[in-house]
Structure formats: structure tokens, C-alpha cells
Visitor: 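Can you keep this structure in mind? I'll have questions shortly.
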Amino acid sequence: MITPRPFVRPARVLAAALTAGTLFATAACSGSDSSASPESDPSSTVAERGLAAQTASPSPSDLSEEGARNALITPADIEGDWTQVRDPREWRDTLLVGSVDVAAFVDGRSDVQDCQRLVDALFDETLLGKPTGASAVTGFQQGDSRLLYQVAAYDKAELNDSMQWLSELPDTCDQFTLTGGDAGKRTVQVIETSLPQGGDNRQGLTVTMKGESNGDPVTLSLDVAAVQIGADAITVTNGGLDGADHDTTSAAVKQGTQRLQDVLAGRTPSPTPSGIN
């Protein structure tokens with residue numbers, strides 16, 4: 001008499017499932033690229049996103065649209081009597097300061113590609129390239145000064161490249177000429193400035209542009225600052241015809257970096273008491 005063999009399919013199925021799961025997890029670990037964002041890679045899996053969440057640097061998916069808005073600075077975060085504007089995106093077309101259209105003043109051509117990129121990005125939201133995820137922008141004005149502030153998520157590799165580009169500008173664009181437009185020939189200087197410690201990487205610049213507007217001499221000074229935290233970053237452009245207030249730029253960077261770190265950690269940024277920076 002032949003004894004029936006035990007039914008082993010469930011065990012084999014379980015073993016196969018465990019083996020497949022192990023291979024899947026191994027492939028996810030070995031094939032993961034920290035420079036790629038979930039939005040740009042449709043094959044991203046739940047397992048990959050789980051692994052990314054455990055890394056020190058947050059992925060673009062960690063910053064939601066609501067989080068980006070919560071990470072924006074407020075008038076209480078910066079020094080002086082700054083007034084928040086309704087829509088700073090309008091500055092890219094027309095930015096009247098007294099009788100000078102600052103947006104038109106910076107609109108020109110440079111023979112150096114890196115310098116042209118800087119000029120094109122001074123009053124829009126592409127200083128660090130085009131965001132690939134959540135993004136929020138706010139703006140403030142005080143007298144003849146304007147401050148544009150952005151929080152955004154980027155492709156990590158592209159963000160790294162943009163931060164490197166910013167760091168090289170004091171050398172590649174230390175002084176150049178801008179031509180074209182109604183303002184004629186303008187002389188532009190770019191120098192490096194220091195920023196408060198914070199984030200994974202940071203870069204500060206002061207851009208000074210001299211020329212004429214409506215026949216009158218004009219000097220425009222702007223602080224440009226960027227702080228990177230993983231694949232997310234804050235950017236600040238601050239200044240005007242009366243010069244750039246470096247203390248305001250530093251306050252925006254310091255408070256803004258903390259606010260973004262709080263958001264990425266799942267916390268709601270605390271309101272900044274008025275007059276405390």
C-alpha cells in the first residue's frame with residue numbers, strides 16, 4: 001500500500017513568495033537612486049518610498065503643497081516694516097520702484113551663459129531650476145526694496161548642480177556687461193556673501209547692477225541666497241535701488257531654514273513673535 005504524500009503546495013507557495021519578496025527588496029535597495037524623485041520615476045514603489053523616508057535627506061515627495069505654504073516666512077520673520085504683497089509673480093513682468101521699472105532694468109543679454117541664467121532668474125521662480133514637486137512663493141516690499149521668497153522641491157541631482165552653479169558665479173560672473181532693452185549697457189558685479197549656518201548646503205551672493213533708466217543713473221543691489229535641505233530648498237532675492245539689507249536676508253534665511261526643517265519633520269512651524277529674529 002502506497003502512503004499518500006503530504007500536500008506541500010502552501011509551503012512552496014509561501015517560500016516562493018518570501019523568495020520573491022527578498023529579491024524585490026534587494027532590487028529596490030540596489031537599484032534605488034537618491035537623485036531621482038518619485039514624480040520623475042513612475043516605477044517607484046511603496047518599498048522604495050519607505051526606504052527613502054528612512055534616509056537623512058528627504059525626497060521631493062516629503063514636501064506637500066500645504067507643507068510648502070506652511071514653510072514660507074511671514075513679515076514677523078524678517079526685520080523692518082515689510083508688507084506682504086498679493087502676487088509677487090507679477091514682478092517678473094513689471095516691478096515699478098519709483099519711476100524705475102526694475103524688471104525691465106535687469107532684462108538684457110550677456111555673452112556668458114551662466115551670467116545670462118542668473119539675470120533671467122532674478123525675479124522669477126527658477127533660480128535653482130524648475131521645481132519638480134511642491135512649490136510656494138511669497139513676496140514683501142518695504143520702501144524701494146523688494147523680497148521674493150520661495151520654498152520648493154526639486155530633482156535632487158539637478159538641485160545639486162544648481163547649487164554648484166551658484167557657488168561658481170563669483171568667479172565666472174564676477175563682472176560682466178548686460179546689453180539690450182531700454183536701459184542700454186549695464187555693468188554687473190557678483191560677489192559671495194555669508195549666510196547663517198543651516199541646511200545641507202547654502203550659497204549667498206550680492207548682485208550689483210549699474211546703468212541708466214530714463215536718462216538717470218541707477219544702481220540696483222540684490223542679495224541672492226539659497227539653502228538646500230535634501231531635495232528641497234529655499235531661495236531669497238532681496239534688495240532694490242537703496243541697496244540690499246543683508247540683515248534682512250540673513251533673518252529670512254535663518255527663520256526660513258528652520259520653518260522648512262520643521263515641516264519636513266512633520267511639525268507645524270511656530271509663529272515668530274513680532275520683533276524677534
Side-chain angles (χ1 to χ4, degrees), residues 57 73 77-80 91 102 105-129 139-140 142 144-152 154 156-178 186-211 218-261 277:
S57 297
I73 60 172
D77 291 310
I78 50 181
E79 297 178 345
W91 289 350
V102 175
F105 186 70
V106 302
D107 183 21
R109 304 301 303 173
S110 169
D111 294 333
V112 182
Q113 182 177 358
D114 286 339
C115 306
Q116 184 67 56
R117 176 181 171 184
L118 171 63
V119 170
D120 290 342
L122 285 179
F123 285 109
D124 65 17
E125 301 97 74
T126 63
L127 183 66
L128 296 178
F140 307 86
Q142 176 182 254
D144 287 343
S145 296
R146 304 291 183 268
L147 189 153
L148 181 69
Y149 188 94
Q150 181 184 26
V151 177
Y154 302 87
K156 179 70 177 300
E158 293 179 0
L159 178 57
N160 290 340
D161 290 342
S162 294
M163 294 297 295
Q164 180 65 29
W165 163 72
L166 279 179
S167 71
E168 296 170 353
L169 287 179
D171 293 324
T172 58
C173 300
D174 59 334
Q175 181 166 313
F176 63 97
T177 300
L178 201 63
R186 285 136 288 168
T187 300
V188 186
Q189 291 182 317
V190 179
I191 63 172
E192 185 172 16
T193 57
S194 61
L195 296 177
Q197 294 295 313
D200 301 330
N201 193 8
R202 71 202 64 83
Q203 183 61 51
L205 306 170
T206 296
V207 180
T208 303
M209 186 179 301
K210 295 183 178 181
V218 172
T219 299
L220 175 69
S221 297
L222 297 170
D223 276 350
V224 177
V227 178
Q228 176 184 6
I229 303 176
D232 306 309
I234 64 172
T235 56
V236 181
T237 303
N238 167 44
L241 303 180
D242 292 334
D245 187 336
H246 305 306
D247 289 340
T248 295
T249 303
S250 294
V253 167
K254 180 179 180 180
Q255 299 299 330
T257 300
Q258 184 60 57
R259 291 181 71 88
L260 180 56
Q261 288 174 330
N277 295 279

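Hydrogens, waters and symmetry mates are skipped; everything else that's a heavy atom, side chains included, is used.
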Visitor: Could you check whether any side-chain N or O of E168 sits under 3.5 Å from a backbone N or O of P170, counting only pairs where one atom can act as donor and the other as acceptor?
Guide: no
Visitor: If we ignore hydrogens and angles and just use 3.5 Å, is the side chain of S167 paired with the main-chain N or O of Q164 as donor and acceptor?
Guide: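 Between the backbone of Q164 and the side chain of S167 there is a qualifying donor-acceptor contact (under 3.5 Å).
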Visitor: Determine whether T248 and N238 satisfy the following criterion, side chain to side chain donor-acceptor pair (under 3.5 Å), listing intermediate values before the conclusion.
Guide: CA-CA 8 Å; T248 295; N238 167 44; 4.9 Å; no
Visitor: With a 3.5 Å cut-off and no angle check, do the side chains of T206 and D223 form a donor-acceptor pair?
Guide: yes
Visitor: Rounded to the nearest 0.5 Å, how far apart are CG of L166 and CD of Q228?
Guide: 10.5 Å
Visitor: Write down the atom of F105, the atom of G211, and the distance for their closest heavy-atom approach.
Guide: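 Here F105 and G211 meet closest at CZ-N, 3.7 Å.
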Visitor: Has the side chain of D200 got a donor or acceptor atom that lies under 3.5 Å from a matching backbone atom of G230?
Guide: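 Yes, D200 side chain to G230 backbone: donor-acceptor pair under 3.5 Å.
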Visitor: Between L178 and M209, does a side-chain contact (heavy atoms from CB on, under 4.5 Å) hold up when you go through it step by step?
Guide: CA-CA 9 Å; L178 201 63; M209 186 179 301; 3.9 Å; yes
Visitor: Looking at every heavy atom in both V106 and V119, which two are closest together, and how far apart are they?
Guide: O-CG1, 2.8 Å
Visitor: Please find the pair of heavy atoms, one from L127 and one from L118, that lie closest to each other, and give the distance.
Guide: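 Minimum heavy-atom contact is CD1-CD1, 4.3 Å.
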Visitor: Check the side chains of E192 and Q203 for a donor-acceptor pair under 3.5 angstrom, ignoring hydrogens and angles.
Guide: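 Yes - a donor-acceptor pair under 3.5 Å links their side chains.
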Visitor: Please walk me through it: do T257 and I229 pass side-chain contact (heavy atoms from CB on, under 4.5 Å)?
Guide: CA-CA 8 Å; T257 300; I229 303 176; 4.1 Å; yes
Visitor: Is S162 reaching over with its side chain to a backbone N or O of L128, donor-acceptor style, under 3.5 angstrom?
Guide: yes
Visitor: In Å, rounded to the nearest 0.5 Å, how long is the span from CG of L147 to CD of Q142?
Guide: 10.0 Å
Visitor: Under a plain distance cut-off of 3.5 Å, with no hydrogens placed, do Q116 and D120 share a side-chain donor-acceptor pair?
Guide: yes
Visitor: Can you give me the closest heavy-atom contact between G129 and Y154, atom names plus distance?
Guide: O-CE2, 3.5 Å
Visitor: For the side chain of T193 and the backbone of L205, is there at least one donor-acceptor N/O pair under 3.5 Å apart?
Guide: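 Judged by distance alone, yes, a pair lies under 3.5 Å.
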Visitor: Return the CZ to CG distance between R202 and L195, rounded to the nearest 0.5 Å.
Guide: 7.5 Å
Visitor: Which heavy atom of P196 sits nearest a heavy atom of S250, and at what distance?
Guide: CG-O, 3.5 Å
Visitor: How long is the span from the CZ atom in F176 to the OG atom in S110, to the nearest 0.5 Å?
Guide: 5.0 Å
Visitor: Do the side chains of D77 and Y149 get nearer than 4.5 Å, heavy atoms only?
Guide: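 Heavy-atom side-chain distance check fails, nothing below 4.5 Å.
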Visitor: Check N201 against M163 and note the closest heavy-atom contact, atom names and distance.
Guide: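 Between these two residues, the closest heavy atoms are ND2-CB, 3.6 Å.
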Visitor: Any sub-3.5 Å donor-acceptor pair from R186's side-chain atoms to T177's backbone N or O?
Guide: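 No, the answer is negative, given that no donor and acceptor are paired below the 3.5 Å cut-off.
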Visitor: Would you kindly say whether Q175 and Q189 are connected by a side-chain donor-acceptor distance under 3.5 Å?
Guide: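 Their side chains do contain a donor-acceptor pair, which is all the 3.5 Å distance test asks for.
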Visitor: What's the separation between atom CG in D232 and atom CD in Q261, rounded to the nearest 0.5 Å?
Guide: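 Nearest 0.5 Å value for the CG-CD distance: 11.0 Å.
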Visitor: Measure the CD1-CZ distance between I78 and F140 for me, rounded to the nearest 0.5 Å.
Guide: 5.0 Å
Visitor: Would you check if L222 and L122 make a side-chain contact, meaning some heavy-atom pair closer than 4.5 Å?
Guide: yes
Visitor: If you define the side chain from C-beta out and look only at heavy atoms, does anything of V253 sit under 4.5 Å from V236?
Guide: yes
